[in-house]
Asker: 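Before anything else, here's the structure in question.
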Amino acid sequence: MQRTRLETAANDFDAQLYKLLECAREFARGDGIRISRRERDNWKEVAYQLGNARPYVRGMMHKADREETV
């Protein structure tokens, strides 16, 4: 299956974005780290903003790649 440069770049970007999003969610939960409630709230906002960006990136991906990922 042939992909355009944009589709390939979007797929790679989404993989990196997903890792960042999961990391931000982990910090927001405070898993394994001691941070204040304010810091957790800040990480929640980061996770929220990353999550909002993801549909736009996924929209640029090839359909088959979207179907293979979460």
Side-chain angles (χ1 to χ4, degrees):
M1 198 172 335
Q2 188 85 17
R3 282 157 177 70
T4 66
R5 280 187 179 175
L6 177 62
E7 290 170 337
T8 300
N11 188 50
D12 293 342
F13 191 92
D14 183 64
Q16 294 173 32
L17 182 58
Y18 182 77
K19 289 177 188 178
L20 289 171
L21 179 55
E22 287 302 303
C23 185
R25 287 176 176 163
E26 183 178 318
F27 289 155
R29 289 189 303 268
D31 293 350
I33 56 173
R34 290 180 49 123
I35 59 175
S36 69
R37 170 177 243 124
R38 182 174 183 223
E39 290 169 320
R40 280 197 311 272
D41 288 344
N42 289 342
W43 280 111
K44 286 178 187 177
E45 179 64 22
V46 170
Y48 176 78
Q49 295 297 335
L50 291 172
N52 282 341
R54 197 153 182 245
Y56 298 104
V57 173
R58 292 182 61 76
M60 291 183 267
M61 293 168 61
H62 190 278
K63 182 181 177 186
D65 293 331
R66 278 194 309 267
E67 292 173 354
E68 292 177 359
T69 59
V70 183

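This structure is a prediction, so every number in the text was calculated from the model and none was measured. Throughout, residue positions are numbered sequentially from 1 according to the sequence presented.
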Asker: In terms of hydrophobic clustering (I, L, V, M, F, W, Y; side-chain heavy atoms under 4.5 Å; direct or indirect links), are Y18 and L20 co-clustered?
Answerer: no
Asker: Quick one: side chains of residues 21-28, donor-acceptor pairs under 3.5 Å with protein atoms, not counting sequence neighbours, listed by atom name and distance.
Answerer:
| unit_1 | atom_1 | unit_2 | atom_2 | d |
| --- | --- | --- | --- | --- |
| E22 | OE2 | R25 | NH1 | 2.8 |

Asker: Once you round to the nearest 0.5 Å, how far does CD of Q2 lie from OG1 of T8?
Answerer: 8.5 Å
Asker: Among R54, R66, K19, whose side-chain hydrogen bond (donor to acceptor under 3.5 Å, both in side chains) with D14 holds?
Answerer: R54
Asker: Do M61 and L50 sit in the same hydrophobic cluster, where Ile, Leu, Val, Met, Phe, Trp and Tyr count as joined when their side-chain heavy atoms come under 4.5 Å apart?
Answerer: no
Asker: Give the other cluster members for L6, using side-chain heavy-atom distances under 4.5 Å between Ile, Leu, Val, Met, Phe, Trp and Tyr residues; answer none if it is isolated.
Answerer: M60
Asker: List in chain and number order the residues that pass side-chain contact (heavy atoms from CB on, under 4.5 Å) with D41, two or more places apart in sequence or in another chain; answer none if no residue qualifies.
Answerer: R37, K44
Asker: Are R3 and D65 packed together at the side-chain level, in the sense that at least one heavy-atom pair is separated by less than 4.5 angstrom?
Answerer: yes
